[in-house]
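A quick write-up on the structure given underneath.
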Amino acid sequence: MTWTELGIVALRVILTFGLLLVVTIINVWAERKIVADMQSRIGPSRAGPFGVLQTVADGLKLFFKESITPRKAELGLYTLAPFLAVIPAFLIFMMVPWGAPVTVGDEVVPLQGADLNIGLLFILAMSSMAVYAVVLAGWSSGSKYPLLGGVRATAQAISYEAAMGLAMVSVVVFTATQGDGGTLSLSEIVARQGGNWGDVAPIFSIVPRWNLVPQLVAFVIFLVAIVAETNRAPFDLVEAEQELVGGYHTEYSGMRFAMFFLAEYINIFSMSAIAATLFLGGWNGPTFDGALPGLVSAALPTVWFLLKTYVIVFIFFWLRATLPRLRYDQLMTLGWKGLIPAALAWIALSAVIFGFRQFGPPWS
Amino acid sequence: MIVEPGWYMALAAALFLIGAMGMLLRRNALVMFMCIELMLNAVNLTLIAAGRALNDLNGQVAVFFILVVAAAEVVVGLAIIVSIFRLRATASVDELSELKG
Amino acid sequence: MTEERTWGARDTLDLWVAGTEEPEFQPTDEGAQEIGAVESEARLREQLGTAIGDDYMFDDEVADEERSIVNMGPQHPSTHGVLRLQLELEGEVIRRTRPIIGYLHTGMEKTAEQLTFSQGPTNVTRMDYLAPLHCELAYSLAVERLLGIEVPPRAQAIRLLTTELNRVSSHLVALATNGMDVGALSMMIYGFRERESILAFFEKTTGLRMNHNYIRPGGVAADLPPGWKDDVAAILEEMPRRLAQYDDLLKDNPIWLARTRGVGIITAEEAVAYGLTGPNLRASGVDWDLRKAFPYSGIDQYEFEVPLGEQGDVYDRYRVKVEEIVESLKIVEQVMDAMPKGDWRVDDQKITPPPRRRIDESMEALIHHFKLFTEGFKVPPGETYAAVESPRGELGCYLVSDGEARPYRMHTRAPSFYNLQGLPIAMADSMVADTIATIASMDPVMGDVDR
Amino acid sequence: MVELALFALMGLGALAGAVTVVMARNPVYSAMGLLATLLSVAVLYVVQLAHLVAAVQVIVYAGAVLTLFLFVIMLIGVDQVVDTDERLRYQRPLVGGVAGLIILFAAALTMLGDFDWVPPATVMNPDATNGTVEAVAVPLFTDWVLAFEATALLLTVAAAGAIALAAYRRRRV
Amino acid sequence: MTGIDESLATDFEDVVWESSHGQQVARVPREQWRQFAEAAKEAGYEMCVDVTAVDWMRQRPERFEIVASLVSMSRQSRLRMITTAPRHAPEVASLTPLWPGVSFGEREVYDMFGIRFEGHPDLTRILMPDDWEGHPLRKDFGAGTVPVQFKMSHQVR
Amino acid sequence: MGVVSDFLKALKVTARIMVGTMTGSELVTTPYPDEKRVKPQRFHGRHVLNRYPDGMEKCIGCELCAGVCPADCIYVRGKENDPHNPISPGERYGYVYEINMLRCIFCGLCVEACPTEAITMTHLFEFSTTNRADAVYTREELLMDREGRVPHMFPDDPLVDLSELDTADGWVRATAPSGIAAYEGVKMWQGTPGPADWSPEPTQEEIDRRSEDG
């Protein structure tokens, strides 16, 4: 590994990290603004133009506030939990290709934190790590309501991660039919979604070749699962303000609370980015090479990626502003009796269909 | 410097030893369960290391099976612990020595 | 006080206590109330009650090992104020609930004995802070009944107009908080948004958004402001559109239905036995509305329906409130169209202050003015009970006068206070998360409960 | 070099975690120790190119199994229970003695004897194909398909059994 | 007097019937308090909406009056029943066996007046703290005053 | 599919309101300190002591306001006027006049009670102080100056909008029962504090017309 390569790797990681931070700051503001708009309010308007800097102001405030430690807290895990929340959140996004590979000199730099051949599995692994933060925070606070939140989190995370993984599997099954062999690498999955569906029927040539089209059911399952996985309304039982006062982060304040908050919004963005990558074709989109200046064309894939991601992020906000919260048993019922069977059935169905298309009927 | 497979074996042995000691020393059923997981992990590590050294993927396949069986075992075991706890409000195996419901 | 003080450098003057003297020492009734350190068990029992319980854990020794006790409130975000509930849980299921109240007790019944009848509305309006006009109305009706006077038709119409609008605003808060407690954040803001238009009208009419001191013995404090018809018409026009939005948002929403249907059921028999009134009673299917049964302020002149629920669950209570908003708006529309002309206070010099200009002209008027505002008007001895249908149920005022200018005893039959007894029944054997939905749907106002 | 550093670091982490599992008085800390061990071992798998197994280790073991442990610990509230009383009085010294003997034996075997733990392979597969999903999947679904189906059945039965156990409520006398 | 009340009037001869500003009031002897309530419930007063009390100090021979408001939904009528309790150890029969909903009302009366209700399942303080001494709505319980702060009041007389 | 359409119905509500808010038609809140809402005429704000158009104080120190106050928050002491240099037209004037704003419940009874309309309520409502002493308003803070402006306790407070006082109105109209023929068209109240003319009390016909016009 030469120094150049090392530099490129470092640059990729730093770029991804920076993008995530900027986007998260905007996300917090955007949620407040969008939810405010949905509620006939103005929302943040005083820090910076349109209140864009509200997140920064809040972050600074939280940074300078005292971090209160409850007397009954288990100090070690209590301190550790916020970090456990943030680290997996960052690592998940490292897997997401957020732009077309850029050629600098003779080096091809993929705009992605890391391109693992088990990318999807890594995402699943990290999102299953994220639950520890919630559980440990709830347990170590030494108080009843956070503990209830923590207990709820364990069950919720296990159930909905299964659904999320199964929805991913059907995408992988489908992707395997789109190229040479199966793959778990996100960059490869994105690459296979370029072009359009013109080869199925000429009339479909205007429809981009996104996995969304053949995998609509998986997309819906995945969407529901990621909303639950990020503990967002209507699945925010873990921090249900009305029941559990704030759930696992009730006893947290100051910077530690800010880290939980940050992790939640990073997770929203990463999960939306993964959904956009798996189903909406990632950074694929017209770049108008030649028609536009080279730099603009090079930046356009990132713009497409962000646009697609924000559509899904908006759905997160929209749901939060609209829907009531599910009850714990209803959440479990939906997960185990609704989503997981549906996902399994869909995998079976799509596996059979694509098997037919790929290998022909078994009797031939 | 390449790490010899023996080093992995030694590490696995140490893990297994610790797990076995914990199994014998602790009385909390949950912790004993975790010690079993430790020992299984030690075995897994030897399998992977041996498979790597012998260039045989079957080692990884075996680990895969062990993982699944361990998961099944944990599911049943924890269910048993929960139902015992409901009756006796203790997780100490000493208290559960009688086979009375 | 002659020297001029500059604004920038003001001295800090000594604060002094004035206007009130040390309360006179009142010997208690034959020492019956004092309690010493060494007292017999019987005396302690008399003083403290039959069950001398620890305030924090009333029943530490729970019979069942699997039960645990969770203390919810008084500082819980969704117990609607300072309500405290002791929940006896079996896993996630509530087996027993004990509401513990009194955290907002301000002794308003005692205060009422210190205030004159004309000052009284300032006191009672602070009880049910979501429906202050109903409290004022009940008090005023009781005083008027003791006085034996009838208020002018315009005053009656104004009272109905404002109280029915108040019912709408109160129900809107109930819907909003019910929505929020189940997690529908926007419902919270929507409900308060529509309430705001009504409060703006109240502010225009009474000068205050709540705690109005507007309905008084003998009429109302002031005529409706110029342009009131436009405001009321605007409210009447806007509300149906907004109610349709609520219906779209919640009525058929599967999550909302799952959270509210079959949750917190109170049957009709239980509701009657436990003295529940208002929407909580009607949600159980009992057709009982004081506006129909014992009409007050001429409400029997107007057409309206009494909406009923079916099984008395959270959903029914929510629906009944929505329907009642519609019915109240119907009444408001009729009152607005048929608003009679004339005086808005009873033309009785002994009760109503004289016209302002007359103070300068007539010595008699000046004396009346002074007497009314210093010692108030005297009410003949007697006792009476006047009840109105507040947004939460039967709001009664039991008033005893001994012929002085202050009530001898004023008791308020607070609907929330009695409705709260339905909470343990509604919550028995339900999930923890349903607690919130149930409390919100019972719509207790802690100011009304504790008074 | 990188491999050695990782081995040292992760090996120490695994050992520390394992010791925590055994020594911690609080089961939650035991679980955290187990988590440390699992993650360290997962990294060691990656070092040995067993990517799929590493991922599955994290997803299944750390993500599901250990979460289940935590769930049970919190659910039945044993996190405050400390096992101090000892019925078999000689057990602890005995265990220590035996463990010491084993360590001595192993050390002696390694130091004195010329014992080859694992004979190195003569031909190595290229790294690129070793341990990837396809590479593991092919034997799994061909040579071992029967065992695979059997474990699937086992898992189903275990899940059903667990549900039956949890749902079973003894009628109270 | 409505029809349902007539049967009550004949059964209970000691009950004094009054009309207070057009409202039915039955002054019931303390011994018959429970029986009268039972008869009233039988007669159609399904609901007891309120229980309260009045402290008459020395103005009346029996110091306390206990007031219960009954409502008949079927007949759309109200009945107020009033009984008295003596100065020392005031106690009347509880109405909770008939209407569980008066539990809070009786607890409030107990809390505020110190009147005990025989047969109430949980007669504890409800609004005041458990360790509060005295019963605030009794007339001999002084109304506390909060001193109001002013600046100049000490400079003039 | 009924479930999906039910969800969509709910989502449509929020989406429509979002569009409405962005275009301004549904927006109901205002950025408060920058933009103050117009308060109705009868708004119960902080009190002010008025003067006659010739600069004399209206308060005669009769203590009716203190007597009627249900919260006991007014403290008044009257004093004999110096005959050569009278402060109020009557015999006495309000020598000490203090209102403890922490106690005040803004019921408006003092305004109704005042026989000379000396005390009225304005539209000022920003009272926050950092200590309890500042919440006790004395005669200096209450008494308007000869130009008709009300002194504010914190004139350097950037949030204070003194121009609000121009629209200040009293609650006093409340006590005057119109509709009595003898008082129609008589000027009852001046509408704004300061040396201005009283506007006449509306006639019943005018009130009816206004209420019918809406």
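Numbered from 1 within each chain, the chains take letters A, B, ... in sequence-line order.
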**Request:** Considering only heavy atoms and a distance below 4.5 Å, find which of B:V31, B:V68, B:L11 pairs most often with chain D.
**Result:** B:L11

**Asked** What's the spacing between B:L67 CG and B:N41 CG if we round to 0.5 Å?
**Response** 7.5 Å

**Prompt:** Is it the side chain or the backbone of D:A137 that comes within 4.5 Å of chain B heavy atoms, both, or neither?
**Reply:** neither

**Item:** Smallest separation among heavy atoms of B:G19 and B:C35, with atom names
**Value:** O-CB, 3.4 Å

**Complete:** The interface call for B:L40 against chain D, heavy-atom contacts under 4.5 Å, is side chain

**Prompt:** Which atom names give the shortest non-hydrogen contact between B:M34 and D:I73, and what distance separates them?
**Reply:** CE-CD1, 3.8 Å

**Per-residue contact mode, B:V63 against chain D (heavy atom under 4.5 angstrom)** = side chain

**Item:** Most chain B-contacting option - heavy-atom pairs closer than 4.5 Å, from D:A147, D:G161, D:P139, D:G33
**Value:** D:A147

**Item:** Contact leader toward chain B among D:L15, D:V65, D:T37, where contacts are heavy-atom pairs under 4.5 Å
**Value:** D:L15

**Prompt:** Would you say D:V41 and B:N44 make side-chain contact, with heavy atoms under 4.5 Å?
**Reply:** no

**Request:** Among D:A64, D:A159, D:A150, D:A31, single out the residue with the greatest number of heavy-atom pairs under 4.5 Å to chain B.
**Result:** D:A31

**Item:** Close side-chain approach of B:E37 and B:V74, heavy atoms under 4.5 Å
**Value:** yes

**Message:** Please classify the contact between D:Y61 and chain B as side chain, backbone, both or neither, with a heavy-atom cut-off of under 4.5 Å.
**Reply:** side chain

**Request:** Select, from B:L38, B:I80, B:T46, the one with the greatest count of heavy-atom pairs under 4.5 Å involving chain D.
**Result:** B:L38

**Message:** I need the residue from D:L6, D:V22, D:T151 with the largest number of non-hydrogen atom pairs under 4.5 Å to chain B.
**Reply:** D:V22

**Complete:** Okay, B:L17 and chain D: the region with an atom under 4.5 Å from a heavy atom over there is side chain

**Aromatic ring pairing B:F64/D:F148, orientation class (parallel under 30°, perpendicular over 60°, tilted between)** = parallel

**Item:** Partner chain B: residue of D:V60, D:L68, D:V19 with the largest heavy-atom pair count (under 4.5 Å)
**Value:** D:L68

**Item:** Other residues, nucleotides, ligands: >12 heavy atoms within 6.0 Å of D:L104 CG
**Value:** yes

**Request:** Mind running side chain to side chain contact (heavy atoms under 4.5 Å, CB included) on D:Y29 and D:M23 for me, showing each step along the way?
**Result:** CA-CA 9 Å; D:Y29 281 96; D:M23 303 296 285; over 6 Å; no

